[in-house]
Engineer: 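Following this message is one structure expressed as C-alpha cells.
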Amino acid sequence: MKRWKILKIMSNTQENSKNRTIILTGMMGAGKSTVGSILSRKLKLGFIDLDSLIEKKQKSTIPEIFKTKGEEAFRQMEFDTINSIKKGQKLIISTGGGVVENKQNIEKLRDIGRIYYLEASADALYERVKGDTGRPLLMTLDPKKSLEEILNKRRLKYECADFKINTENKTAKEITEEIAGIYEKING
C-alpha cells in the first residue's frame, strides 16, 4: 500500500475514532447490499440500504423513479437521504452505485464513517447483474458496454475510499470477514 494511502487512512481513522459507521460503495453487482446485511448481523450494527430506504420513502421502485422522475430527481432523493443520517451512529450503510457522482454525498459519508470500496472487474460485475431488470442504467441495447462505461467513469471516484476490498472470486462471507477484520483492528 502506498505511503500516502496509509497516511490518509490513519488521518481518517483518527478523525472518526469514535464513529463506527461502515459505508459500502462500489458498482452495481459489487455485493454492497448482501455484504452489508451479513456484516450488520456479524458486528451487531444497524443496517441501512440507501436504495431500499429511498424506495420505501417514495413508495416506488428505483426503476420506476428513474422512469417517472428521472435520474436527477433520484440523485436528489439520494442526497437528501444521506443528509438525514446522523453522525455518531453505529451502522452499516450500503449505498447505490452512483452515490459517488455527487461530491457532497461523499463528503457527508466521510463525515459519518469510513468508506469501503467493493471492487470488481466489469466482466465480474456483468455476470452478477445480467438479466436483472432492476438496474435502470443497464436498460440499453448493450448493457455490458454500458456497465463498462459507467465503471470507467466512476472508477477514480470509488478509489478515493478509505479501504478497497477486491470482491472477485470471493463469497459474501469472505468479503464480510475481510471488512470485519479491518473494522475490529481499527475499533479494538
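The first residue of the sequence shown is numbered 1, and numbering continues consecutively from there.
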Engineer: Could you tell me which non-hydrogen atom of Thr61 sits nearest to which non-hydrogen atom of Glu55, and how far apart they are?
Structural biologist: CA-OE2, 3.4 Å
Engineer: Mark yes when over 12 heavy atoms from residues, nucleotides or ligands other than Glu72 sit less than 6.0 Å from its CD; otherwise mark no.
Structural biologist: no
Engineer: Please report the shortest heavy-atom distance between Met27 and Leu147, naming the atom on each side.
Structural biologist: CE-O, 3.8 Å
Engineer: My understanding is that only residues two or more places apart in sequence, or in another chain, count here; which of them pass side chain to side chain contact (heavy atoms under 4.5 Å, CB included) with Leu45?
Structural biologist: Leu43, Lys90, Ile92, Tyr183
Engineer: State whether Lys42 and Glu177 are salt-bridged, where the test is any N-O pair (Lys NZ or Arg NE/NH1/NH2 against Asp/Glu carboxylate O) under 4.0 Å.
Structural biologist: yes
Engineer: Would you please classify the geometry between the Phe74 ring and the Phe66 ring as parallel, tilted or perpendicular, with 30° and 60° separating the classes?
Structural biologist: tilted
Engineer: Is any side-chain heavy atom of Glu78 closer than 4.5 Å to one of Asn102?
Structural biologist: no
Engineer: So, for Leu91 and Phe47, which heavy atoms are closest and what is the spacing to 0.1 Å?
Structural biologist: CD2-N, 4.5 Å
Engineer: Tell me every residue that passes side chain to side chain donor-acceptor pair (under 3.5 Å) with Glu168, counting only those two or more places apart in sequence or in another chain.
Structural biologist: Ser121
Engineer: Indicate yes or no: at least one non-hydrogen side-chain atom of Ile179 is less than 4.5 angstrom from one of Leu24.
Structural biologist: yes
Engineer: Minimum heavy-atom separation for Asp51 to Ile62, with atom names?
Structural biologist: O-CD1, 3.8 Å
Engineer: Check whether more than 12 heavy atoms from other residues, nucleotides or ligands sit under 6.0 Å from atom NZ of Lys145, and answer yes or no.
Structural biologist: no
Engineer: For the pair Arg110 and Asp162, find out whether any cationic side-chain nitrogen is under 4.0 Å from an anionic carboxylate oxygen.
Structural biologist: yes
Engineer: Are Lys57 and Asp80 side-chain neighbours, meaning at least one heavy-atom pair lies under 4.5 Å?
Structural biologist: no
Engineer: Closer than 4.0 angstrom, basic N to acidic O: yes or no for Glu71 and Arg75?
Structural biologist: yes
Engineer: Verify the distance criterion only: is there a donor paired with an acceptor across the side chains of Arg154 and Thr25 at less than 3.5 Å?
Structural biologist: no
Engineer: State, to 0.1 Å, how close Asn166 and Lys170 come at their nearest heavy-atom pair, and which atoms those are.
Structural biologist: O-NZ, 2.7 Å
Engineer: Between Lys32 and Thr95, is a side chain to side chain contact (heavy atoms under 4.5 Å, CB included) present by the stated rule, with each step listed?
Structural biologist: CA-CA 7 Å; Lys32 301 177 300 288; Thr95 66; 4.2 Å; yes
